[in-house]
Amino acid sequence: MAEKQELSVREKKELVAKEEKTIPGRYYVPYADIHETDDALAVVLEMPGVEKKDLDIALENDVLRVDGQIDFTKYKDMEPVYTEYNVGHYARSFTLSNKVDREKISANLEDGVLTLTLPKAKHAQPRKIAIG
């Protein structure tokens, strides 16, 4: 039987970038889970407040970069009374192995959750060996 997990507030981890940003605001590392099937890897990232139009996903030199921008104008007339949830942009990158088929990577953003599907290359998928 699975153990019970207590709910707790997780602090957002601020991104420590190697390069400087020209866009104002803080950047956070979105929490991610990676699941594997026989056919693909699924990377699930929490990116609340990011809309599809403000999401950039790029692949360069085997590094998959995810950059989500928050529209701060939604918060301009709000006066914080109490905050646990810091508002800011999101950035994360993943170095891909040669087992991922780069041409078939897909992404879906729904309700603040980004799901990246990284299909495995044919040579990396399990296969049955016929006995002769």
Side-chain angles (χ1 to χ4, degrees):
M1 189 163 125
E3 291 184 36
K4 290 184 181 180
Q5 287 185 325
E6 284 198 34
L7 294 177
S8 62
V9 177
R10 294 185 297 184
E11 292 293 321
K12 283 188 178 178
K13 188 166 103 177
E14 193 161 355
L15 179 70
V16 180
K18 295 177 187 171
E19 65 276 347
E20 296 297 322
K21 301 280 186 189
T22 57
I23 298 171
R26 291 178 142 169
Y27 276 80
Y28 295 100
V29 177
Y31 288 105
D33 288 335
I34 301 175
H35 306 277
E36 183 175 14
T37 66
D38 288 344
D39 302 326
L41 295 171
V43 181
V44 181
L45 297 108
E46 294 180 1
M47 301 183 83
V50 175
E51 296 179 23
K52 288 180 185 180
K53 67 179 180 58
D54 299 320
L55 184 61
D56 183 44
I57 304 168
L59 177 62
E60 184 178 344
N61 298 327
D62 295 330
V63 176
L64 184 65
R65 294 187 189 284
V66 178
D67 188 39
Q69 304 292 319
I70 297 291
D71 181 5
F72 288 112
T73 60
K74 293 178 183 177
Y75 304 98
K76 71 177 183 175
D77 294 328
M78 293 184 189
E79 181 71 29
V81 176
Y82 174 80
T83 62
E84 286 183 352
Y85 179 81
N86 292 312
V87 177
H89 306 304
Y90 298 94
R92 186 123 186 210
S93 60
F94 302 90
T95 301
L96 303 182
S97 73
N98 63 351
K99 295 181 178 182
V100 174
D101 186 344
R102 284 141 177 76
E103 299 301 316
K104 295 182 180 174
I105 295 173
S106 63
N108 183 46
L109 180 67
E110 191 172 327
D111 296 329
V113 177
L114 173 65
T115 303
L116 300 169
T117 303
L118 313 175
K120 292 181 182 176
K122 290 291 181 199
H123 71 275
Q125 293 182 10
R127 60 186 177 98
K128 294 267 188 188
I129 307 296
I131 300 171

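Here the structure is a predicted model, which means the values were calculated and not measured.
Annotation: side chain of Leu64 is not in contact with side chain of Val43 (no heavy-atom distance under 4.5 Å). With a 4.5 Å cut-off on side-chain heavy atoms, Val29 and Arg92 count as touching.
Using modelled atom types, one finds no donor on one side chain facing an acceptor on the other under 3.5 Å when comparing Asp71 with Gln69.
Val44 and His35 get closest at one heavy-atom pair: CG2-CD2, 4.2 Å. Shown here for Met47 and Pro30, the closest heavy-atom pair between the two residues is CG-CB, 4.1 Å. Here the closest heavy-atom approach between residue Pro119 and residue Ala40 is recorded as CA-CB, 3.7 Å. Of all heavy-atom pairs between Gly112 and Leu109, the closest is C-CD1, 4.3 Å. Across Gly68 and Leu55, no two heavy atoms sit closer than the pair CA-CD1, 4.1 Å. When every heavy atom of Glu110 is checked against every heavy atom of Asn108, the shortest pair comes out as OE1-ND2, 3.8 Å.
Salt bridge annotation for Lys74-Glu51: present, with a cationic side-chain nitrogen under 4.0 angstrom from a carboxylate oxygen. Checked for salt-bridge contact, Arg102 and Asp62 meet the test: a charged N lies under 4.0 Å from a carboxylate O.
For Ser93, the side-chain contact (heavy atoms from CB on, under 4.5 Å) partners two or more places apart in sequence, or in a different chain, are Val63, Arg65.
Rounded to the nearest 0.5 angstrom, Tyr90 OH and Ile70 CD1 are separated by 5.0 Å. Interatomic distance, Leu96 CG to Asn61 CG, rounded to the nearest 0.5 Å: 11.5 Å. Rounded to the nearest 0.5 angstrom, Asp101 CG and Asp39 CG are separated by 11.5 Å. Atom CG of Asn98 is separated from atom NE2 of His123 by 4.5 Å, given to the nearest 0.5 angstrom. Expressed to the nearest 0.5 Å, how far CD of Glu36 lies from CG of Leu118 amounts to 10.5 Å.
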Requested in this report: Check the pair Phe94, Leu45 against side chain to side chain contact (heavy atoms under 4.5 Å, CB included), reporting the backbone distance first and the verdict last.
Outcome: CA-CA 12 Å; Phe94 302 90; Leu45 297 108; 4.1 Å; yes
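A donor-acceptor pair under 3.5 Å is formed between the side chain of Lys120 and the backbone N or O of Thr37.
Placement of Leu59 and Leu114 within a single hydrophobic cluster is found when ILVMFWY residues are connected by side-chain heavy-atom separations under 4.5 Å, directly or transitively.
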